[in-house]
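The structure under discussion is supplied below as structure tokens; questions concerning it will follow.
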Amino acid sequence: MSVRFTQCCPTCGRRIQIQTTLLGRTVACQHCRAEFVAQLDSEQEAPVVNAPASSVEPDPLMARVDALLAQSSQDAAVRS
Ligand SMILES: [Zn+2]
């Protein structure tokens with residue numbers, strides 16, 4: 001299990017998921033292979049917990065859905 005956040009690649013502009021353990025370190029874009037420093041920015045969404053451990057490129061829309069599902073399940077846990 002790992003905690004990840006999404007960041008837009010400064011080179012190609014596509015969203016990529018980065019593990020929070022890599023914050024402040026140089027990472028490579030999964031799409032264009034450009035290297036940049038992983039960092040949280042102002043447009044950052046809440047970290048996505050339990051992101052699918054898949055080796056394929058994450059679909060931005062599905063990643064969004066996963067984030068919403070995670071939020072709703074957390075809300076339900078709080079209420080119960
Ligand atoms: Zn890129």
Side-chain angles (χ1 to χ4, degrees):
M1 183 184 300
S2 61
V3 180
R4 304 183 193 189
F5 66 97
T6 56
Q7 179 177 355
C8 289
C9 172
T11 300
C12 70
R14 298 174 74 171
R15 284 189 171 203
I16 60 177
Q17 290 194 336
I18 305 170
Q19 294 191 23
T20 53
T21 52
L22 295 177
L23 274 172
R25 302 177 68 168
T26 301
V27 298
C29 173
Q30 299 160 0
H31 303 289
C32 69
R33 311 244 178 239
E35 293 187 348
F36 59 94
V37 176
Q39 57 187 347
L40 297 171
D41 57 43
S42 57
E43 298 179 8
Q44 168 60 34
E45 299 176 14
V48 178
V49 183
N50 271 340
S54 171
S55 59
V56 299
E57 295 183 359
D59 185 308
L61 182 58
M62 287 307 296
R64 178 70 178 162
V65 170
D66 286 342
L68 291 174
L69 287 174
Q71 287 178 356
S72 61
S73 64
Q74 286 172 1
D75 288 344
V78 170
R79 293 195 192 96
S80 61

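Numbers here simply count residues along the sequence, with the first being 1. Each ligand, and each atom within it, is numbered from 1 in the order the structure gives.
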Apart from V37 itself, members of its ILVMFWY cluster (side-chain separation under 4.5 Å) are none

Return the number of protein N, O or S atoms with a distance to the Zn ion (ligand 1) smaller than 2.8 Å.
4

Is there side-chain contact between F36 and V27, with heavy atoms separated by less than 4.5 Å?
yes

So, T6 side chain and R15 main chain: donor-acceptor pair closer than 3.5 Å or not?
no

Rounded to the nearest 0.5 Å, what separation is found between the CD1 atom of I18 and the CD atom of Q30?
8.0 Å

Nearest 0.5 Å, please: how far is CZ in R64 from CG in L69?
11.0 Å

NE2 of H31 to SG of C12, rounded to nearest 0.5 Å, is 6.0 Å

